[in-house]
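Data block below; observations after.
Note that the structure is predicted; figures quoted are calculated from it, not measured.
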Amino acid sequence: MKISVKDGPSGDIQTGETVGDALSELGIASQDILAAKVEGAVVDLSRPLSASSTVEPLRFDSSEGREVYRHSSTHIMAQAVKELFPAAQLTIGPALEDSFYYDFAFERPFTPEDLERIEERAAEIIKRNLTITRQEFSKQDAIDFFKARGEHYKVELIQGFPDGEPITVYTQGDFVDLCRGPHLPTTGSVGAIKLLNTAGAYWRGDERNPMLQRIYGTSFPTRAEVDAYLARLEEIKRRDHRKVGKELDLISIQDEIGPGLVLWHPKGAAVRLLIENFWREQHIRDGYQLVYSPHTARLDLWKTSGHLDYYRENMFPSMKLEGSEYQLKPMNCPYHIMIYQSHLRSYRDLPIRYGELGTVYRYERTGVLHGLMRVRGFTQDDAHLFCRPDQMEQEVSRVLDFTFFVLRTFGFHQFEVFLSTRPKESVGGDEHWTLATSALEAALKSRNISFHLDPGGGAFYGPKIDIKIKDALGRSWQCSTVQVDFNNPERFELSYIGEDGKAHRPIMIHRALMGSIERFFGILIEHYGGAFPTWLAPVQAVVMNITDHQRDYIVAVVAQLRAAGFRAEADLRNEKIGFKIREAEKAKVPFMLVAGNREMQDGTLSVRGRSGSNLGSMTVAEVLGLLGTEVKHTQREFQPTH
RNA sequence: GCUGGCGUAGCUCAAUCGGCAGAGCAGCGGUUUUGUAAACCGCAGGUUGGAGGUUCGAUUCCUCUCGCCAGCUCCA
């Protein structure tokens, strides 16, 4: 039979030879080939070839190769655990993007000391270089086999598998695990393994189930790559917005105020104000009308909107006042709907776009609160568009353009887009869903945006597009969302008068670009490591004197910078210049402007950029130009394309 | 909410196997007038998250509670 290697040689191979042998016969075998893709399926190198096919060798540089690598690593870790703690039962152990974990049913949590021992044992298992073999069992045989080994979770898993299909089992030495595979040829194929941490995790992710002991770890071909990964974890810690937010005095969350409730300190508030001003200006440019709504409303409003039925457990409890009940708002939509309702609307009025930086309060379970990323009171950059069905695609395209513009302005350039379709439980007729879903899809296609489909992932009231941004450390965050809503227009009986003189139901689109300002700010802090671009920096320049002689000069320069609209501060303290520089560096101020007698005489400033760059001497006018250019470079104005 | 860990000065962290709680930085007062990431001297700063219990004595041990952290689950 003929075997051809993708982008490589091809030749005649005897039927029944393994993938690995075939590759070496074709002269491209090497240690770094981990598995192979045969006709689209990832398989072990030990898999026999039965028909002519194309083989693609998988190495660590492919995501599929890495997955096999991490998957085998988690088996090695599991083997180490079983050797050291035979009472531990196996459950599941998948590969993650850069790491892996395995969940064990064990009587107690693993300690850091256990982890060290397990890691040592894992390294030893790698050294043993055990061959990893694949076997197929019938369902009943597999159940009997794992029952006999006391692996009750494995038995439960197998019982859930469809009848008639073979069950695959992988063996390395004495260690046997139920696994779909594929795996590396030997345990020695793993270069370096490092266990990271332990945590509790529910069996099958359900909090009603017993809690298992999860161990996280990672592995790479070389120790150096493991170290680089650990360094990256350190960098993530260094940039943690909770740490940086405190160091730069941006925000605080205090016990006395309440968990999940954020205080914006002057510098954090300065950045927020810049974000908000930018947001408002650009929305007005893009044809939105900005509105405001109160933080509470009669409970009846939330009954009409349906929030009380399906969102109550996430709402603060209501409060009684003058014989009626009021509810702290968990969403902005009903208010915008009521503004729409306040007039009879014509088809000529549509689309109507209401935008609001609307602060909402949601009851989040204590365990899920996390710095700025998950809070109980937050401000959504919310907007609701009311449009005719024929305007939907155009409006969604417009929102997409606007979203990418805003995200790019804040320094995000890599995105992942998801289109989520009708879930099992949903409201609205088929024709609505089809129309809306195809409008979303057409909008994405019209902008040449590649996207992943998330079938059944939509809200019960309509399909949606979610946009995830990738930050400087390659982590994904979901901020933006565009959701079509058939439910609220029905519930509130929204209408507009069409050309035909009859009432029609408008379509409502919910959308947020940043999601919540709190979370977005947290992401920004980590993205920039606190070193905001000049247009967002709470303080753009610190002007500092060398001795008291330059005091008046500094004061005058600061006044000039401020008059030109820049956020400048004077540092006139009786301290050495090195100390002042250090403080400004720690505060991540973009520009440090130093004046001694020399500069004062020449009417110049010695300009130092953040992180040490020496930009030389400049006149005050030149400094103004420099700051202006810096700001313009990063902040842009939206140009609607419609 | 669940499992585990942790709460000591404004911040970062020591110490107490149950016996007077201690440093650096920050703050305040002086000295110093300084050239690109930390000048020097001094002063002050604490019901050791909160409540209860055991004890001659608790910050340390126990119980409860609040909060934080790592995850699970959920989510903007």
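- Across all strands, A/Arg365 comes closer than 4.0 Å to base atoms (heavy-atom distances).
- Looking at the side chain of A/Arg362, the nearest of the listed nucleotides B/rG1, B/rC72, B/rA76 is B/rA76.
- As the counterpart of B/rG45, no nucleotide is assigned, since no Watson-Crick or G-U wobble pattern has both distances under 3.5 Å.
- Cation-pi geometry between A/Lys470 and A/Phe415 is not met at under 6.0 angstrom from the ring centre and within 45 degrees of the axis.
- In this structure B/rC40 sits in a base pair with B/rG30, meeting the Watson-Crick or G-U test at under 3.5 Å.
- Between the side chain of A/Glu599 and the base of B/rG35, a donor-acceptor pair under 3.5 Å is found.
- Checked by atom type and distance alone, the side chain of A/Gln550 pairs as donor or acceptor with a backbone atom of A/Thr547 at under 3.5 Å.
- Contact annotation: side chain of A/Tyr202 to base of B/rG1, donor-acceptor pair present below 3.5 Å.
- Neither OP1 nor OP2 of B/rC75 sits under 4.0 Å from any side-chain N or O of A/His370.
- A/Lys329 forms a cation-pi arrangement with A/Tyr335, by the criterion of a distance under 6.0 Å to the ring centre and an angle within 45° of the ring axis.
- A donor-acceptor distance shorter than 3.5 angstrom exists from the side chain of A/Glu518 to the backbone of A/Thr379, with no hydrogens or angles considered.
- Contact check of residues 538-555 of chain A against RNA chain B (heavy atom, cut-off under 4.0 Å) returns A/Ile546, A/Thr547, A/Asp548.
- Of the candidate nucleotides B/rU73, B/rA76, B/rU36, B/rA76 has the atom lying nearest to any side-chain atom of A/Gln380.
- Here the side chain of A/Thr366 is nearest to one of B/rG1, B/rG71, B/rC69, namely B/rG1.
- Of the candidate nucleotides B/rC68, B/rA39, B/rC72, B/rC68 has the atom lying nearest to any side-chain atom of A/Pro259.
- Among the protein residues, A/Gly200 comes within range of the nucleic acid bases, having at least one heavy atom under 4.0 Å from a base atom.
- Using a 4.0 Å heavy-atom distance criterion, A/Gly367 is classed as a base contact.
- In this structure a side-chain-to-backbone donor-acceptor pair under 3.5 Å is present from A/Lys580 to A/Asp571.
- For B/rA26, the base has no donor-acceptor partner in the side chain of A/Glu583 [N/O atoms by modelled type, under 3.5 angstrom].
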Practice problem: Evaluate the side-chain hydrogen bond (donor to acceptor under 3.5 Å, both in side chains) criterion for residues A/Tyr288 and A/Gln282: first the C-alpha distance (whole Å), next the side-chain angles of each, then the deciding distance (0.1 Å), finally the verdict. | Solution: CA-CA 9 Å; A/Tyr288 285 77; A/Gln282 303 309 314; over 6 Å; no

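- Side-chain N/O atoms of A/Arg204 and base N/O atoms of B/rC72 include no donor-acceptor pair closer than 3.5 Å.
- As judged by a 4.0 angstrom heavy-atom cut-off over every strand, A/Lys246 is placed among residues touching the sugar-phosphate backbone only.
- Across B/rU60 and B/rG52, the matching P atoms stand 13 Å from one another, rounded to whole Å.
- Within the 4.5 Å cutoff, the side chain of A/Leu627 has heavy atoms near those of the A/Phe591 side chain.
- Across all strands shown, B/rG35 forms no Watson-Crick or G-U wobble pair with both key distances under 3.5 Å.
- Of all nucleotides present, none satisfies the Watson-Crick or G-U wobble test against B/rA15 with each distance under 3.5 Å.
- The aromatic ring centroids of A/Tyr102 and A/Phe100 lie 6.0 Å or more from each other.
- B/rG7 is paired with B/rC66 under the criterion used here, namely a Watson-Crick or G-U wobble arrangement in which both key atom distances are under 3.5 Å.
- Residue contacts shown for A/Phe520 are absent, as no nucleic acid heavy atom lies under 4.0 Å away.
- At the heavy-atom level, A/Glu518 lies nowhere under 4.0 Å from the strands shown.
- Taking a pair to require two hydrogen-bonding distances under 3.5 Å in either a Watson-Crick or a G-U wobble arrangement, B/rC61 pairs with B/rG53.
- As judged by a 4.0 angstrom heavy-atom cut-off over every strand, A/Val375 is placed among the base-contacting residues.
- Contacts of A/Gly596 with the nucleic acid, taken as non-hydrogen atoms under 4.0 Å apart, include base atoms.
- A/Leu248 and A/Lys586 make their closest contact through CD2-O, 3.3 Å (heavy atoms, listed as atom of the first residue, atom of the second, distance).
- Of the candidate nucleotides B/rG35, B/rC72, B/rA70, B/rG35 has the atom lying nearest to any side-chain atom of A/Arg598.
- The backbone N or O of A/His527 lies less than 3.5 Å from no partner atom in the side chain of A/Asp471, so there is not a single donor-acceptor pair.
- Ring-base stacking between A/Phe579 and B/rA37 is not satisfied when judged by a centre separation under 5.5 Å and a plane angle under 30°.
- Looking at heavy-atom distances under 4.0 Å, A/Ser606 makes contact with a base.
- Base pairing of B/rC72 is made with B/rG1, judged by Watson-Crick or G-U wobble geometry with both donor-acceptor distances under 3.5 Å.
- For A/Glu364, the listed nucleotide lying nearest its side chain is B/rA76; candidates were B/rU73, B/rU36, B/rA76.
- Residue-level contact check: A/Asn597 touches the bases, meaning some heavy atom is under 4.0 Å from a base atom.
- A donor-acceptor contact under 3.5 angstrom links the side-chain atoms of A/Arg374 to the base of B/rC74.
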